[in-house]
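Everything on this sheet refers to the single structure shown next.
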Amino acid sequence: MQNFVEWDNSLIKKYNVSGPRYTSYPTALSFEPGFSVDSVTQAIAKSDNTRLSLYIHVPFCHQLCYYCGCNKIITRHQHKADVYLDFLEQEAKAQATLYKDYKIEQLHLGGGTPTFLTKEQMSRLMAIVKTYFNFSDKVQAGIEIDPRSLPEDMLSHLRSLGFNRVSFGIQDFNDDVQKAVNREQCADNVANLVTEARTLGFSSVNADMIYGLPLQTPESFQESMARLIALSPDRVSVFNYAHLPDRFAAQRKIKDEQLPSPEHKLTMFKNTLAQMVNAGYVNIGMDHFAKSTDSLAIAQQQGKLHRNFQGYTTHGECDLLGLGASSISQVGDSIFQNPKDLKDYYQTVETAGVPVVKGLTLTTDDKIRAFVIKEIICHFKLNFADVERKFSINFADYFAEELSGLSCFAEDVMISLNDEQLVVENKGRLFIRNICMTFDAYLKQQAKLTRFSRVI
């Protein structure tokens with residue numbers, strides 16, 4: 001049975017601070033320059049895995065969404081994608097020689113806007129990866145979709161290429177909000193696409209929403225969420241908009257006076273929690289929801305849920321390879337990243353083939369803490385004996401300082417803590433990031449950079 005989130009305004013005032021989302025530990029802020037092809041080769045040699053999740057970053061968008069903090073390039077020049085695919089093919093060919101013993105079980109296209117690519121370009125991209133990599137017969141293949149610019153027959157084309165999961169970036173159904181963030185779309189068109197995706201046999205239809213955007217009110221966002229729930233997506237992500245105009249130039253186009261107040265933002269998420277749970281969705285964690293029959297919810301119930309750079313996933317046992325500009329890979333005990341800048345990516349592909357420029361190899365302490373954080377953020381509990389068996393440590397001795405640091409959460413009845421386990425209570429589920437931060441050895445140094453979003 002699902003543990004429901006218990007809302008406590010006094011705890012929100014006390015604990016709603018900035019912190020990492022823990023799609024990895026250590027986080028990307030800890031990556032260091034100096035990683036190379038040799039580093040990747042060593043990581044693969046040390047990994048005993050042959051299962052691979054493949055992520056491909058398509059950085060292009062036709063139009064700028066003012067809220068966006070993704071690594072993207074705004075252009076109307078379609079030929080730029082042809083050039084990108086040229087270099088992506090060079091990278092794929094070079095990477096494939098290293099991953100020849102792997103079989104791809106999961107594929108995901110993100111961006112940017114993956115559906116910036118035309119049908120011909122999408123066909124070329126899929127031909128590239130299928131030429132150089134080995135695919136499982138039951139590969140889970142997903143793609144992020146911008147409903148506004150999707151050609152009439154693109155969904156059927158994607159299905160014919162083997163995609164079986166789609167995620168629609170909706171953000172908000174309100175016309176005024178859409179205009180304020182330069183992302184106008186027709187609600188009926190979105191509904192028609194969801195229906196079409198199901199008719200075509202996509203096994204999972206997902207949606208992304210954002211709260212905290214300009215001109216949103218608790219009432220308007222509640223209406224948008226009701227419209228979304230009526231479409232019955234399998235999974236829903238409801239992200240907290242982090243307004244960081246000093247970091248993301250596009251956000252400077254958003255007028256501060258149009259942003260909802262912190263109190264209204266909290267009300268939006270509180271309403272969303274109630275709406276989603278009342279509609280039968282499971283709160284997987286933080287801002288992610290899934291139907292109880294979805295593989296994410298089942299994996300969590302079975303204690304098999306994982307988390308990586310793609311968020312919550314059922315494929316955590318796979319190594320992860322990222323292709324394209326800014327993509328991140330995680331192989332064995334190593335994490336590494338391609339250049340973020342497109343020109344740097346092109347240059348590095350030409351000179352090295354495998355364009356890895358920074359990363360890290362986890363220390364024993366990193367591996368212990370990564371396991372602890374993953375268990376808490378995925379399953380809301382941690383059995384100390386599991387950690388002791390896996391890493392041959394005495395949990396109480398190793399984490400004496402952290403256990404002391406958890407006392408404030410225990411006093412506020414956010415967690416239950418004894419000699420055997422840590423369990424996140426309903427009051428603490430909203431603050432899962434805070435609880436994980438207690439075990440983060442890098443955080444004091446990174447906190448000075450203030451580059452994280454608030455936990456709610």
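- At most 12 heavy atoms of other shown residues, nucleotides or ligands fall within 6.0 angstrom of atom CG in D419.
- A donor and an acceptor atom, one from each side chain of Y102 and D319, are located under 3.5 Å apart.
- Note on R21 versus D287: salt bridge recorded, some NZ/NE/NH1/NH2 to OD/OE distance being below 4.0 Å.
- Y211 has its ring centre no less than 6.0 Å from the ring centre of Y241.
- Taking every heavy atom of both residues into account, F336 and A43 meet most closely at CE2-CB, 4.1 Å.
- For the residue pair T41 / D38, no side-chain donor-acceptor distance below 3.5 Å is found, with atom types taken as modelled.
- Looking only at atom types and distance, the side chain of Y442 has a donor-acceptor partner in the side chain of D366 under 3.5 Å away.
- Distance alone, capped at 3.5 Å, places no donor-acceptor pair between the R429 side chain and the V5 backbone.
- Salt bridge absent: D172 and R183 never bring a charged side-chain N and a carboxylate O closer than 4.0 Å.
- Neither side chain, Q185 nor D146, offers a donor N or O lying under 3.5 Å from an acceptor on the other.
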query: Yes or no on side chain to side chain donor-acceptor pair (under 3.5 Å) for S204 and N206, after CA distance, side-chain angles and deciding distance?
result: CA-CA 6 Å; S204 184; N206 312 324; 2.8 Å; yes
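- Between the side chains of D82 and Q121, at least one donor N or O sits under 3.5 Å from an acceptor N or O.
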- request: Walk me through it: do Y25 and V372 pass the test side chain to side chain contact (heavy atoms under 4.5 Å, CB included)?
  value: CA-CA 10 Å; Y25 181 86; V372 167; over 6 Å; no
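- Checking Y15 against D412 by side-chain atom types alone, a donor-acceptor pair falls below 3.5 Å.
- More than 12 heavy atoms of other shown residues, nucleotides or ligands fall within 6.0 angstrom of atom NZ in K427.
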task: Evaluate side chain to side chain contact (heavy atoms under 4.5 Å, CB included) for F409 paired with T438, printing each intermediate quantity in order.
output: CA-CA 10 Å; F409 301 119; T438 306; 3.4 Å; yes
- prompt: When you look at F133 and L323, which way does the side chain to side chain contact (heavy atoms under 4.5 Å, CB included) test go after all the steps?
  reply: CA-CA 12 Å; F133 293 96; L323 299 181; 4.2 Å; yes
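- Note on K358 versus E32: no salt bridge recorded, every NZ/NE/NH1/NH2 to OD/OE distance being 4.0 Å or above.
- For the pair P260 and M268, the tightest heavy-atom approach, listed with the atom from each and the gap, is CB-CE, 3.7 Å.
- Residues Q300 and Y312 fail the side-chain proximity criterion, which asks for heavy atoms closer than 4.5 Å.
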Side-chain donor-acceptor contacts of residues 56-63 below 3.5 Å, not counting sequence neighbours, with atom names and distances?
residue: H57; atom: ND1; partner: Y55; partner atom: OH; Å: 2.9
residue: H57; atom: NE2; partner: N71; partner atom: O; Å: 2.9
residue: H62; atom: NE2; partner: Q78; partner atom: OE1; Å: 3.4
residue: Q63; atom: NE2; partner: N182; partner atom: O; Å: 2.9
residue: Q63; atom: NE2; partner: N182; partner atom: OD1; Å: 3.3

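- Between S123 and H157, the side chains place a donor N or O and an acceptor N or O closer than 3.5 Å (distance only, hydrogens not considered).
- Using modelled atom types and a 3.5 Å distance limit, the side chains of Q310 and H315 yield no donor-acceptor pair.
- The shortest side-chain heavy-atom distance between R307 and T313 does not fall under the 4.5 Å cut-off.
- Between K367 and D333, some side-chain heavy-atom pair lies under the 4.5 Å cut-off.
- Electrostatic pairing of R124 and E89 counts as a salt bridge here, judged by a charged N lying under 4.0 Å from a carboxylate O.
- No side-chain heavy atom of T314 sits less than 4.5 Å from a side-chain heavy atom of K304.
- Annotation: side chain of L155 is in contact with side chain of V166 (closest heavy-atom distance under 4.5 Å).
- Looking at heavy atoms from C-beta onward, V331 lies out of side-chain contact with V40 at the 4.5 angstrom threshold.
- In this structure, H288 contributes its side chain and N283 its backbone to no donor-acceptor pair below 3.5 Å.
- Using a 4.5 Å heavy-atom cutoff, the side chains of T97 and K100 are not in contact.
- Contact check on E184 versus R148 returns no salt bridge, with no Lys/Arg side-chain nitrogen under 4.0 Å from an Asp/Glu carboxylate oxygen.
- A donor-acceptor pair is defined here as one N or O able to donate and one able to accept, closer than 3.5 Å; such a pair exists between the side chain of E91 and the backbone of G324.
- Within the 4.5 Å cutoff, the side chain of F289 has no heavy atoms near those of the V282 side chain.
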query: Hey, mind stepping through D234 and R165 against salt bridge (charged side-chain N to carboxylate O under 4.0 Å, His left out) and telling me if it holds?
result: CA-CA 10 Å; D234 298 285; R165 308 179 71 90; over 6 Å; no
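- A cation-pi arrangement is absent between R369 and F439, since the terminal nitrogen or guanidinium carbon is not both under 6.0 Å from the aromatic centre and inside a 45° cone about the axis.
- Counting all heavy atoms, side chain and backbone alike, I210 lies closest to Q216 at O-NE2, 2.9 Å.
- Between F395 and F384, the distance separating the two ring centers is shorter than 6.0 angstrom.
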